[in-house]
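First the structure, in the form of C-alpha coordinates, and then the observations on it.
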There are 2 protein chains.
Amino acid sequence: MQIQGIQKILREKGLKVTPQRVAILGALHEMHNHPTAEMIIEHIRETYPNIAMGTVYNILETFVRHGIVNKVNTDEDAMHYDGVTSMHHHLYSPETGQIEDYMDEQLNKMLTDYFQEKNITNFEIEKISLQIKGKFINN
Amino acid sequence: MQIQGIQKILREKGLKVTPQRVAILGALHEMHNHPTAEMIIEHIRETYPNIAMGTVYNILETFVRHGIVNKVNTDEDAMHYDGVTSMHHHLYSPETGQIEDYMDEQLNKMLTDYFQEKNITNFEIEKISLQIKGKFINN
DNA sequence: TCTTAAATAAGAATTATTACAAATTAAAAA
DNA sequence: TTTTTAATTTGTAATAATTCTTATTTAAGA
(Lines give C-alpha, C1' and ligand atoms only; values in the text may rest on other atoms or scores of the structure.)
Protein backbone atom coordinates (compact mmCIF):
# COMPACT_ATOMS: atom_id res chain seq x y z
CA MET A 1 0.00 0.00 0.00
CA GLN A 2 1.22 3.48 -0.79
CA ILE A 3 1.54 6.19 1.78
CA GLN A 4 -1.64 7.87 0.54
CA GLY A 5 -3.61 4.74 1.37
CA ILE A 6 -2.22 4.73 4.89
CA GLN A 7 -3.05 8.41 5.35
CA LYS A 8 -6.57 7.78 4.10
CA ILE A 9 -7.12 5.06 6.70
CA LEU A 10 -5.96 7.36 9.48
CA ARG A 11 -8.11 10.27 8.29
CA GLU A 12 -11.18 8.08 8.00
CA LYS A 13 -10.80 7.21 11.67
CA GLY A 14 -10.34 10.84 12.60
CA LEU A 15 -6.75 10.27 13.62
CA LYS A 16 -4.11 12.91 13.06
CA VAL A 17 -1.71 11.89 10.33
CA THR A 18 1.72 11.89 11.95
CA PRO A 19 4.90 10.44 10.44
CA GLN A 20 5.12 8.01 13.35
CA ARG A 21 1.63 6.66 12.72
CA VAL A 22 2.22 6.40 9.00
CA ALA A 23 5.49 4.55 9.59
CA ILE A 24 3.96 2.07 12.03
CA LEU A 25 0.84 1.31 10.01
CA GLY A 26 2.99 1.06 6.90
CA ALA A 27 5.32 -1.35 8.64
CA LEU A 28 2.41 -3.53 9.73
CA HIS A 29 1.07 -3.66 6.20
CA GLU A 30 4.49 -4.59 4.84
CA MET A 31 5.60 -7.09 7.43
CA HIS A 32 3.03 -9.91 7.46
CA ASN A 33 4.87 -11.71 10.25
CA HIS A 34 2.70 -10.54 13.13
CA PRO A 35 5.46 -8.49 14.71
CA THR A 36 5.84 -7.40 18.30
CA ALA A 37 6.35 -3.75 19.21
CA GLU A 38 10.11 -4.45 19.30
CA MET A 39 10.09 -5.90 15.80
CA ILE A 40 8.16 -2.91 14.51
CA ILE A 41 10.62 -0.49 16.08
CA GLU A 42 13.52 -2.37 14.56
CA HIS A 43 11.86 -2.30 11.16
CA ILE A 44 11.01 1.39 11.08
CA ARG A 45 14.29 2.51 12.66
CA GLU A 46 15.84 2.21 9.22
CA THR A 47 13.70 5.04 7.92
CA TYR A 48 12.73 6.61 11.25
CA PRO A 49 15.66 6.28 13.64
CA ASN A 50 14.50 8.35 16.59
CA ILE A 51 11.04 7.06 17.37
CA ALA A 52 10.34 6.56 21.06
CA MET A 53 9.41 3.15 22.46
CA GLY A 54 6.41 4.53 24.27
CA THR A 55 5.12 6.14 21.12
CA VAL A 56 5.05 2.79 19.38
CA TYR A 57 3.07 1.16 22.19
CA ASN A 58 0.80 4.16 22.38
CA ILE A 59 0.12 4.24 18.64
CA LEU A 60 -0.48 0.50 18.48
CA GLU A 61 -3.03 0.79 21.27
CA THR A 62 -4.72 3.63 19.42
CA PHE A 63 -4.87 1.56 16.24
CA VAL A 64 -6.33 -1.39 18.12
CA ARG A 65 -8.96 0.85 19.70
CA HIS A 66 -9.94 2.10 16.27
CA GLY A 67 -10.03 -1.37 14.77
CA ILE A 68 -7.37 -0.84 12.13
CA VAL A 69 -4.92 -3.21 13.83
CA ASN A 70 -5.54 -6.38 15.82
CA LYS A 71 -3.71 -7.94 18.68
CA VAL A 72 -2.50 -11.48 18.11
CA ASN A 73 -2.03 -13.23 21.38
CA THR A 74 0.23 -16.19 21.79
CA ASP A 75 1.77 -18.22 24.58
CA GLU A 76 4.65 -15.75 24.74
CA ASP A 77 4.86 -12.71 26.93
CA ALA A 78 5.21 -10.07 24.22
CA MET A 79 2.11 -9.04 22.30
CA HIS A 80 2.01 -9.50 18.53
CA TYR A 81 0.14 -7.23 16.12
CA ASP A 82 -1.62 -7.77 12.83
CA GLY A 83 -2.43 -5.22 10.15
CA VAL A 84 -4.96 -7.53 8.52
CA THR A 85 -8.35 -6.96 10.10
CA SER A 86 -10.54 -9.04 7.82
CA MET A 87 -11.70 -12.39 9.19
CA HIS A 88 -8.91 -14.92 9.19
CA HIS A 89 -7.14 -17.40 11.43
CA HIS A 90 -3.64 -18.27 12.59
CA LEU A 91 -1.35 -21.26 12.44
CA TYR A 92 0.87 -21.03 15.49
CA SER A 93 3.85 -23.03 16.65
CA PRO A 94 4.52 -22.56 20.37
CA GLU A 95 7.93 -24.16 19.91
CA THR A 96 9.29 -21.68 17.41
CA GLY A 97 6.90 -18.81 17.97
CA GLN A 98 6.09 -18.72 14.26
CA ILE A 99 2.66 -17.36 13.34
CA GLU A 100 1.20 -17.64 9.85
CA ASP A 101 -2.08 -16.37 8.52
CA TYR A 102 -4.62 -19.01 7.64
CA MET A 103 -7.11 -17.58 5.19
CA ASP A 104 -10.05 -19.84 4.36
CA GLU A 105 -13.29 -18.43 3.06
CA GLN A 106 -15.07 -21.76 3.27
CA LEU A 107 -14.20 -22.00 6.97
CA ASN A 108 -15.23 -18.40 7.56
CA LYS A 109 -18.62 -19.06 6.03
CA MET A 110 -19.05 -22.28 7.99
CA LEU A 111 -18.29 -20.56 11.29
CA THR A 112 -20.32 -17.45 10.55
CA ASP A 113 -23.32 -19.55 9.52
CA TYR A 114 -22.94 -21.78 12.55
CA PHE A 115 -22.99 -18.92 15.03
CA GLN A 116 -25.77 -17.14 13.17
CA GLU A 117 -28.02 -20.10 13.92
CA LYS A 118 -26.64 -21.06 17.29
CA ASN A 119 -27.66 -18.43 19.76
CA ILE A 120 -25.21 -18.02 22.60
CA THR A 121 -27.21 -16.53 25.42
CA ASN A 122 -25.69 -13.65 27.34
CA PHE A 123 -23.02 -12.96 24.76
CA GLU A 124 -22.84 -10.70 21.75
CA ILE A 125 -20.19 -11.91 19.32
CA GLU A 126 -17.96 -9.33 17.71
CA LYS A 127 -15.23 -11.46 16.20
CA ILE A 128 -14.29 -15.10 16.04
CA SER A 129 -10.88 -16.46 15.25
CA LEU A 130 -9.30 -19.84 15.34
CA GLN A 131 -5.90 -20.51 16.81
CA ILE A 132 -4.51 -23.60 15.14
CA LYS A 133 -1.62 -24.85 17.24
CA GLY A 134 0.91 -27.31 15.98
CA LYS A 135 4.14 -27.68 14.08
CA PHE A 136 5.30 -26.21 10.79
CA ILE A 137 6.82 -28.95 8.66
CA ASN A 138 9.85 -28.51 6.42
CA ASN A 139 11.14 -25.23 7.70
CA MET B 1 -11.63 -33.70 42.31
CA GLN B 2 -10.11 -35.21 45.42
CA ILE B 3 -6.46 -34.95 46.26
CA GLN B 4 -5.89 -38.57 45.21
CA GLY B 5 -7.06 -37.72 41.70
CA ILE B 6 -4.61 -34.83 41.52
CA GLN B 7 -1.77 -37.03 42.74
CA LYS B 8 -2.65 -39.64 40.17
CA ILE B 9 -2.42 -37.11 37.34
CA LEU B 10 1.03 -36.02 38.51
CA ARG B 11 2.30 -39.59 38.90
CA GLU B 12 1.03 -40.56 35.47
CA LYS B 13 3.17 -37.79 34.00
CA GLY B 14 6.19 -38.88 36.01
CA LEU B 15 6.09 -35.71 38.09
CA LYS B 16 7.06 -35.70 41.75
CA VAL B 17 4.06 -35.19 43.96
CA THR B 18 4.81 -32.10 46.01
CA PRO B 19 2.35 -30.13 48.14
CA GLN B 20 2.91 -27.09 45.95
CA ARG B 21 2.02 -28.96 42.78
CA VAL B 22 -1.02 -30.54 44.35
CA ALA B 23 -2.19 -27.16 45.61
CA ILE B 24 -1.79 -25.47 42.24
CA LEU B 25 -3.39 -28.19 40.15
CA GLY B 26 -6.14 -28.47 42.73
CA ALA B 27 -6.73 -24.72 42.55
CA LEU B 28 -6.94 -24.81 38.78
CA HIS B 29 -9.50 -27.59 38.92
CA GLU B 30 -11.56 -25.68 41.46
CA MET B 31 -11.37 -22.21 40.04
CA HIS B 32 -12.86 -22.34 36.51
CA ASN B 33 -12.17 -18.65 35.93
CA HIS B 34 -8.98 -19.03 33.95
CA PRO B 35 -6.82 -17.47 36.64
CA THR B 36 -3.48 -15.76 36.27
CA ALA B 37 -0.49 -16.84 38.35
CA GLU B 38 -1.35 -14.03 40.78
CA MET B 39 -4.90 -15.25 41.18
CA ILE B 40 -3.70 -18.78 41.83
CA ILE B 41 -1.25 -17.58 44.47
CA GLU B 42 -3.99 -15.59 46.17
CA HIS B 43 -6.27 -18.62 46.12
CA ILE B 44 -3.83 -21.13 47.54
CA ARG B 45 -2.32 -18.74 50.10
CA GLU B 46 -5.30 -19.54 52.31
CA THR B 47 -4.16 -23.10 52.70
CA TYR B 48 -0.53 -22.67 51.66
CA PRO B 49 0.71 -19.29 52.90
CA ASN B 50 4.41 -19.50 52.10
CA ILE B 51 4.54 -20.55 48.46
CA ALA B 52 7.07 -18.62 46.38
CA MET B 53 6.04 -16.66 43.31
CA GLY B 54 8.71 -18.27 41.19
CA THR B 55 7.56 -21.71 42.23
CA VAL B 56 4.09 -21.00 40.91
CA TYR B 57 5.37 -19.84 37.53
CA ASN B 58 7.75 -22.76 37.41
CA ILE B 59 5.08 -25.32 38.24
CA LEU B 60 2.60 -23.85 35.78
CA GLU B 61 5.20 -24.06 33.03
CA THR B 62 5.88 -27.68 33.95
CA PHE B 63 2.17 -28.47 33.81
CA VAL B 64 1.83 -26.82 30.41
CA ARG B 65 4.83 -28.77 29.10
CA HIS B 66 3.19 -32.00 30.27
CA GLY B 67 -0.17 -31.08 28.80
CA ILE B 68 -2.15 -31.13 32.03
CA VAL B 69 -2.74 -27.37 31.97
CA ASN B 70 -3.21 -24.98 29.06
CA LYS B 71 -2.32 -21.39 28.59
CA VAL B 72 -5.19 -19.09 27.73
CA ASN B 73 -3.94 -16.05 25.97
CA THR B 74 -5.81 -12.80 25.91
CA ASP B 75 -5.20 -9.18 24.96
CA GLU B 76 -3.86 -8.55 28.46
CA ASP B 77 -0.28 -8.76 29.57
CA ALA B 78 -0.68 -11.44 32.25
CA MET B 79 -1.05 -15.04 31.13
CA HIS B 80 -4.16 -17.00 32.12
CA TYR B 81 -4.27 -20.73 32.78
CA ASP B 82 -6.86 -23.42 32.29
CA GLY B 83 -7.10 -26.79 34.03
CA VAL B 84 -9.51 -28.10 31.41
CA THR B 85 -7.52 -29.70 28.61
CA SER B 86 -10.29 -31.30 26.58
CA MET B 87 -11.28 -29.52 23.39
CA HIS B 88 -13.27 -26.41 24.09
CA HIS B 89 -13.42 -22.72 23.27
CA HIS B 90 -13.57 -19.37 25.01
CA LEU B 91 -15.89 -16.42 25.13
CA TYR B 92 -13.75 -13.40 25.88
CA SER B 93 -14.54 -9.78 26.60
CA PRO B 94 -11.52 -7.52 26.06
CA GLU B 95 -13.33 -4.73 27.89
CA THR B 96 -13.80 -6.54 31.18
CA GLY B 97 -11.20 -9.27 30.80
CA GLN B 98 -13.85 -11.91 31.53
CA ILE B 99 -13.22 -15.35 30.03
CA GLU B 100 -15.85 -18.10 29.97
CA ASP B 101 -15.59 -21.62 28.68
CA TYR B 102 -17.63 -22.35 25.61
CA MET B 103 -18.23 -26.10 25.36
CA ASP B 104 -19.93 -27.26 22.19
CA GLU B 105 -19.60 -30.84 20.97
CA GLN B 106 -21.34 -30.12 17.70
CA LEU B 107 -18.84 -27.37 16.95
CA ASN B 108 -15.94 -29.59 17.97
CA LYS B 109 -17.09 -32.28 15.57
CA MET B 110 -17.64 -29.79 12.78
CA LEU B 111 -14.14 -28.36 13.16
CA THR B 112 -12.43 -31.70 13.61
CA ASP B 113 -14.18 -33.12 10.54
CA TYR B 114 -13.38 -30.02 8.53
CA PHE B 115 -9.67 -30.16 9.22
CA GLN B 116 -9.55 -33.92 8.75
CA GLU B 117 -10.60 -33.41 5.15
CA LYS B 118 -8.87 -30.13 4.49
CA ASN B 119 -5.18 -30.79 4.32
CA ILE B 120 -3.09 -27.85 5.41
CA THR B 121 0.25 -28.35 3.73
CA ASN B 122 3.35 -27.79 5.83
CA PHE B 123 1.50 -27.86 9.11
CA GLU B 124 0.69 -30.59 11.57
CA ILE B 125 -2.27 -29.61 13.73
CA GLU B 126 -2.11 -30.43 17.43
CA LYS B 127 -4.96 -28.39 18.82
CA ILE B 128 -7.56 -25.96 17.54
CA SER B 129 -9.47 -23.50 19.64
CA LEU B 130 -11.77 -20.65 18.93
CA GLN B 131 -11.54 -17.30 20.60
CA ILE B 132 -14.96 -15.70 20.50
CA LYS B 133 -14.55 -12.02 21.25
CA GLY B 134 -17.42 -9.80 22.23
CA LYS B 135 -19.51 -8.59 25.12
CA PHE B 136 -21.19 -10.45 27.95
CA ILE B 137 -24.75 -9.21 28.32
CA ASN B 138 -26.54 -8.71 31.64
CA ASN B 139 -23.64 -9.03 34.01
C1' DT C 1 16.80 -45.37 56.59
C1' DC C 2 19.91 -43.24 53.31
C1' DT C 3 20.98 -41.09 49.13
C1' DT C 4 20.40 -38.10 45.49
C1' DA C 5 18.32 -35.87 41.77
C1' DA C 6 14.67 -32.86 41.56
C1' DA C 7 12.03 -29.20 43.46
C1' DT C 8 11.35 -25.07 46.21
C1' DA C 9 12.42 -20.55 48.54
C1' DA C 10 13.90 -16.00 48.50
C1' DG C 11 15.22 -12.35 46.36
C1' DA C 12 17.62 -10.16 42.54
C1' DA C 13 17.42 -9.38 37.61
C1' DT C 14 15.19 -8.94 33.27
C1' DT C 15 11.64 -7.87 29.99
C1' DA C 16 7.49 -5.81 28.40
C1' DT C 17 4.65 -2.21 29.03
C1' DT C 18 2.71 2.04 31.06
C1' DA C 19 2.84 6.65 33.17
C1' DC C 20 4.27 11.33 33.38
C1' DA C 21 5.69 15.99 32.40
C1' DA C 22 7.72 18.82 29.00
C1' DA C 23 8.34 19.84 24.19
C1' DT C 24 6.61 19.49 19.60
C1' DT C 25 3.38 19.45 15.88
C1' DA C 26 -0.87 18.62 12.83
C1' DA C 27 -4.71 20.78 11.54
C1' DA C 28 -8.38 24.06 12.18
C1' DA C 29 -9.29 28.98 12.51
C1' DA C 30 -8.16 33.56 11.58
C1' DT D 1 0.09 32.29 5.59
C1' DT D 2 0.17 32.72 10.47
C1' DT D 3 -1.74 31.73 14.79
C1' DT D 4 -3.86 28.87 18.04
C1' DT D 5 -4.82 24.81 20.40
C1' DA D 6 -5.52 20.31 21.40
C1' DA D 7 -3.37 16.17 20.35
C1' DT D 8 0.85 13.79 19.92
C1' DT D 9 5.53 12.59 20.75
C1' DT D 10 9.73 12.35 23.56
C1' DG D 11 12.59 10.82 27.14
C1' DT D 12 12.76 8.97 31.25
C1' DA D 13 11.05 6.92 35.33
C1' DA D 14 7.95 3.58 37.20
C1' DT D 15 5.43 -0.67 37.27
C1' DA D 16 4.04 -5.34 36.36
C1' DA D 17 4.90 -9.88 34.90
C1' DT D 18 8.06 -13.26 34.55
C1' DT D 19 12.65 -15.46 34.77
C1' DC D 20 17.02 -16.41 36.87
C1' DT D 21 20.24 -17.80 40.48
C1' DT D 22 21.91 -20.01 44.44
C1' DA D 23 21.20 -22.17 48.69
C1' DT D 24 18.19 -25.19 50.99
C1' DT D 25 14.81 -28.71 51.28
C1' DT D 26 12.40 -32.85 50.00
C1' DA D 27 10.15 -36.88 47.43
C1' DA D 28 10.97 -41.22 46.12
C1' DG D 29 13.89 -45.00 44.85
C1' DA D 30 17.74 -48.07 46.56
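The sequence lines fix the lettering, A, B, ..., with proteins before strands; numbering per chain opens at 1. Values reported hereafter were calculated over all heavy atoms of this structure, with side chains retained and with hydrogens, waters and symmetry mates removed. It should be emphasised that the depicted structure is a prediction, and the values quoted were computed from it without experimental measurement.
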Contacted region of DNA chain D by chain B, from 5' end to 3' end of the hits, cut-off under 4.0 Å to heavy atoms, spans D:dA17 to D:dA28
Residues at least two apart in sequence or cross-chain that pass salt bridge (charged side-chain N to carboxylate O under 4.0 Å, His left out) with B:Glu61, listed by chain then number, are B:Lys71
Note: for B:Ala78 and B:Val17 on DNA chain D, the residue whose nearest nucleotide lies more 5' is B:Ala78
In short, ring pair (Phe, Tyr, Trp, His ring centres under 6.0 Å) pairs touching residues 8-53 of chain A with sequence neighbours left out are A:His34-A:His90
For the residue pair B:Phe123 and A:Phe136, categorise the inter-ring angle as parallel (less than 30°), tilted (30 to 60°) or perpendicular (more than 60°). perpendicular
Nearest-nucleotide check on DNA chain D, B:Met79 vs B:Thr18; residue mapping nearer the 5' end is B:Met79
Computed from five pairs at either end and rounded to 10 degrees, the angle between the axes of the helix from C:dT1-D:dA30 to C:dA30-D:dT1 is 40°
Quick note, ring pair (Phe, Tyr, Trp, His ring centres under 6.0 Å) partners involving residues 61-85 of chain A, not counting sequence neighbours, are none
Rounding to 0.5 Å, atoms CD (A:Gln131) and NZ (B:Lys127) come to a distance of 7.5 Å
Contacts of B:Glu12 meeting salt bridge (charged side-chain N to carboxylate O under 4.0 Å, His left out) (sequence neighbours excluded), chain-then-number -> B:Lys8
So, with a heavy-atom separation below 4.0 Å from DNA chain C, the residues of residues 20-28 of chain A are none
When rounded to whole Å, the CG to P distance for the pair B:Asp75 and C:dT18 reads 11 Å
With sequence neighbours left out, the residues meeting side-chain hydrogen bond (donor to acceptor under 3.5 Å, both in side chains) with B:Gln7 are none
note: A:Met39, atom CE; C:dT15, atom P; distance rounded to Å ~ 17 Å
Determine whether a donor-acceptor pair (N or O, by modelled atom type, separation under 3.5 Å) exists between the side chain of A:Thr55 and the backbone of A:Ile51.
no
Exercise for review: Go through A:Asn108 and A:His89 one step at a time and tell me if the side-chain hydrogen bond (donor to acceptor under 3.5 Å, both in side chains) criterion holds.
Suggested key: CA-CA 9 Å; A:Asn108 291 350; A:His89 311 279; 2.8 Å; yes
Separation of C:dA7 atom P from B:Tyr48 atom OH, nearest Å, is 14 Å
Using only atom types and a distance under 3.5 Å, with no angle test, would you say the side chain of B:Arg21 pairs donor to acceptor with the backbone of B:Lys16? yes
On DNA chain C, more 5' by nearest nucleotide between A:Pro19 and A:Ala37 is A:Ala37
side-chain hydrogen bond (donor to acceptor under 3.5 Å, both in side chains) filter on B:Asp113, not counting sequence neighbours, yields B:Lys109
Contact check, residues 50-67 of chain A vs DNA chain C, heavy-atom distance under 4.0 Å, returns A:Tyr57
Whole-Å distance, A:Leu15 CG to C:dA28 C1', equals 16 Å
Residues at least two apart in sequence or cross-chain that pass salt bridge (charged side-chain N to carboxylate O under 4.0 Å, His left out) with A:Lys118, listed by chain then number, are B:Asp104
A:Asn73 meets the side-chain hydrogen bond (donor to acceptor under 3.5 Å, both in side chains) criterion, sequence neighbours left out, with B:Asp75
